[in-house]
Amino acid sequence: MTDVVALVRQYGKDARAASRVLAAATSAQKNQALLKMADLLEAQQAEVLNANAQDTAAAEANGLDAAMVDRLRISAKSIAQMAEGVRQVAALADPVGEMDDFKLLDNGLQLGKMRAPLGVVGMIYESRPNVTIDAAALCLKSGNACLLRGGSESFHSNQAIAKVIYQALSETGLPEACVRLFETTDRAAVGAMLALSEFIDVVIPRGGKGLVKRITEEARMPVIKHLDGVCHVFINRDADVDMAVNIAMNAKTSRYGTCNTMETLLVHQDIAATVLPRLQAAYAEKEVELRGCERTLAVLNGIVAATEEDWFTEYLAPVLSIRIVDGLDMAIAHINHYGSHHTDSIVTNDYADIQRFLREVDSASVMVNASTRFADGFEYGLGAEIGISTDKIHVRGPVGLEGLTNQKWIVLGSGQVRG
């Protein structure tokens, strides 16, 4: 364990030094590295896919659940999307050095704010190999060094992607220590990272509840996180039925293992008898298990009764809870009580209800007439996301470039002194 702790500390020290280099790097330098990264990822696609096949086979042999394997698996299409995400990050405006909110004080001082990198970002994540390159790209563009600790189930995939990143940094003149993926699966590395507040400025977990809970409790530095993705769609009384069915189907069945997947469907009592039978038939074709409240059981035959626990549950599976509600007040109360403050959507044409839903639903993303599946950094035009935050301080929702910076005060004077 001593060797692992020493390794983590050395990586942290190297990352701090690299962060100083990155803070001074120009946008052109960072973009050059990002574009090289995207090109090399596509050029070395075979190596990455072979590594991922090795991880996927091991995961299936070890009995990992289907949702975990789904998050682990990548394809040629996935690699193309990763490369495109990196190129989108390169194309985005560089937030570092942006100055705004200037005002002239009575004493002649000009007061404003400037965006600056956070410094060193620690990422601890499970399964998803795309996190490796997404985190590297976003941290690099925002001027942050990053230390990455992926899960053992994606070890070979992560190492193959990291090789691409190191090569891109080396070929474009930036220190390889700007991005460092740990080459160990020793869990002691996680504890050592969480204690390294001297070098790591913020840590971001991405994974299951156990991982996020541990990091939240043990980290000695700020944590950007979300714990659950208990997302809702509320079909209001005046909703267009075809639109409602399409949204509810997409929100649940486009992918089951993502945090922006709908887990509970709320339906206004006045439209339930019309929309729910159509949805039951459509969900049956996708083999989605339905669990309903007492009123839902009276409308739909052959479904399971929902328990109190179901309303709190992120299934990450073809299972959906359904509740018929009296109206908007009950829908909002349900979401704010049982939800995880991640993403919630209303399907309606009522302007007043839209405004109330947007104001009163306490979630990081609140949507109108759209699938919850859009709550994603790529879809939001962030190029990629380093995670999603359901916290209320610093950053909320998908975390992109701006979320990886903070602001410092800028004071421009002409010789003023304080009396």
Side-chain angles (χ1 to χ4, degrees), residues 14-45 47-48 78-100 113-123 129-148 158 160-181 201-202 204 224 376-387 395 398-408 410:
D14 293 344
R16 175 64 74 203
S19 73
R20 305 299 187 197
V21 177
L22 268 181
T26 65
S27 297
Q29 287 175 302
K30 294 184 287 187
N31 289 341
Q32 183 184 18
L34 290 170
L35 295 175
K36 175 63 71 172
M37 197 183 299
D39 291 343
L40 289 173
L41 180 64
E42 292 177 329
Q44 298 178 25
Q45 172 177 299
E47 292 90 332
V48 176
S78 303
I79 289 177
Q81 289 175 334
M82 284 187 244
E84 175 58 24
V86 174
R87 293 188 179 107
Q88 282 195 14
V89 172
L92 292 172
D94 188 345
V96 178
E98 285 183 355
M99 293 186 286
D100 57 20
K113 294 179 181 179
M114 175 186 284
R115 289 216 160 266
L118 298 178
V120 177
V121 176
M123 280 286 299
N130 65 289
V131 173
T132 302
I133 198 152
D134 289 350
L138 287 166
C139 287
L140 188 68
K141 184 62 180 273
S142 58
N144 296 287
C146 62
L147 294 175
L148 308 177
N158 290 335
I161 294 171
K163 180 181 175 183
V164 167
I165 296 168
Y166 299 152
Q167 185 177 342
L169 291 169
S170 178
E171 291 185 10
T172 54
L174 288 173
E176 289 187 17
C178 290
V179 180
R180 180 63 65 191
L181 174 73
D201 296 288
V202 63
I204 304 174
I224 298 175
D376 173 86
F378 188 88
E379 296 292 340
Y380 281 9
L382 304 180
E385 68 183 34
I386 201 165
V395 63
V399 181
L401 294 178
E402 188 171 301
L404 291 172
T405 63
N406 57 23
Q407 289 185 305
K408 55 186 176 183
I410 299 297

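Residue indices begin at 1 and follow the sequence shown.
- Under a 3.5 Å cut-off, the side chain of Lys113 and the backbone N or O of Gln407 do not form any donor-acceptor pair.
- Partners of Thr132 by side-chain hydrogen bond (donor to acceptor under 3.5 Å, both in side chains), not counting sequence neighbours, listed by chain and number: Tyr125, Asn158.
- Taking the side-chain contact (heavy atoms from CB on, under 4.5 Å) definition, one finds that Asn130 meets it with Met82, Arg128, Asp134, sequence neighbours left out.
- Residue pairs satisfying the salt bridge (Lys or Arg N to Asp or Glu O under 4.0 Å) criterion with at least one member in residues 91-100, sequence neighbours excluded, are listed as follows: Lys30-Asp94.
- The CG atom of Leu140 sits 7.5 Å away from the OG1 atom of Thr172 when rounded to the nearest 0.5 Å.
- Looking at heavy atoms from C-beta onward, Leu22 lies out of side-chain contact with Pro117 at the 4.5 angstrom threshold.
- Cys146 and Ala136 get closest at one heavy-atom pair: SG-CA, 4.1 Å.
- Taken to the nearest 0.5 Å, the NZ atom of Lys408 stands 6.0 Å off from the CE atom of Met114.
- No donor-acceptor distance shorter than 3.5 angstrom exists from the side chain of Ser170 to the backbone of Gln167, with no hydrogens or angles considered.
- Scanning for salt bridge (charged side-chain N to carboxylate O under 4.0 Å, His left out) contacts around Glu47 gives an empty result, with sequence neighbours left out.
- A pairwise comparison of heavy atoms in Val86 and Ala137 identifies CG2-CB, 4.1 Å as the closest pair.
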Do any side-chain atoms of residues 32-41 form donor-acceptor pairs under 3.5 angstrom with protein atoms, and if so which ones, sequence neighbours left out?
from  : atom 1 : to    : atom 2 : distance (Å)
Asp39 : OD1    : Arg87 : NH2    : 2.9

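- Atom SG of Cys139 is separated from atom CG of Leu147 by 9.5 Å, given to the nearest 0.5 angstrom.
- With sequence neighbours excluded, the residues that form a side-chain contact (heavy atoms from CB on, under 4.5 Å) with Thr26 are Ala28, Gln29.
- Contact record, Val89 with Lys141: O-NZ, 2.9 Å, taken as the closest heavy-atom pair.
- For Ser142, the side-chain contact (heavy atoms from CB on, under 4.5 Å) partners are Asn144, Leu401, Leu404, Thr405, not counting sequence neighbours.
- Nearest approach of Asn31 to Ala90, heavy atoms of both residues: OD1-O, 3.2 Å.
- In this structure, SG in Cys178 is found 11.5 Å from CD1 in Ile165, a value given to the nearest 0.5 Å.
- Checked against side-chain hydrogen bond (donor to acceptor under 3.5 Å, both in side chains), Asn406 has no partners two or more places apart in sequence or in another chain.
- Applying the salt bridge (charged side-chain N to carboxylate O under 4.0 Å, His left out) test to Asp14 and every residue at least two apart in sequence or in another chain returns nothing.
- Looking at residues two or more places apart in sequence or on another chain, you find a side-chain hydrogen bond (donor to acceptor under 3.5 Å, both in side chains) between Ser78 and Ser75.
- When the shell of 6.0 Å around CD of Glu176 is examined, it contains more than 12 heavy atoms from other residues, nucleotides or ligands.
- The CZ atom of Arg180 sits 9.5 Å away from atom CG of Leu169, with the distance rounded to the nearest 0.5 Å.
- Partners of Val395 according to the side-chain contact (heavy atoms from CB on, under 4.5 Å) rule, which considers only residues two or more places apart in sequence or in another chain, are Ile224, Ser389, Val399.
- Take Glu379 and apply the side-chain hydrogen bond (donor to acceptor under 3.5 Å, both in side chains) test, not counting sequence neighbours, and it matches no residue.
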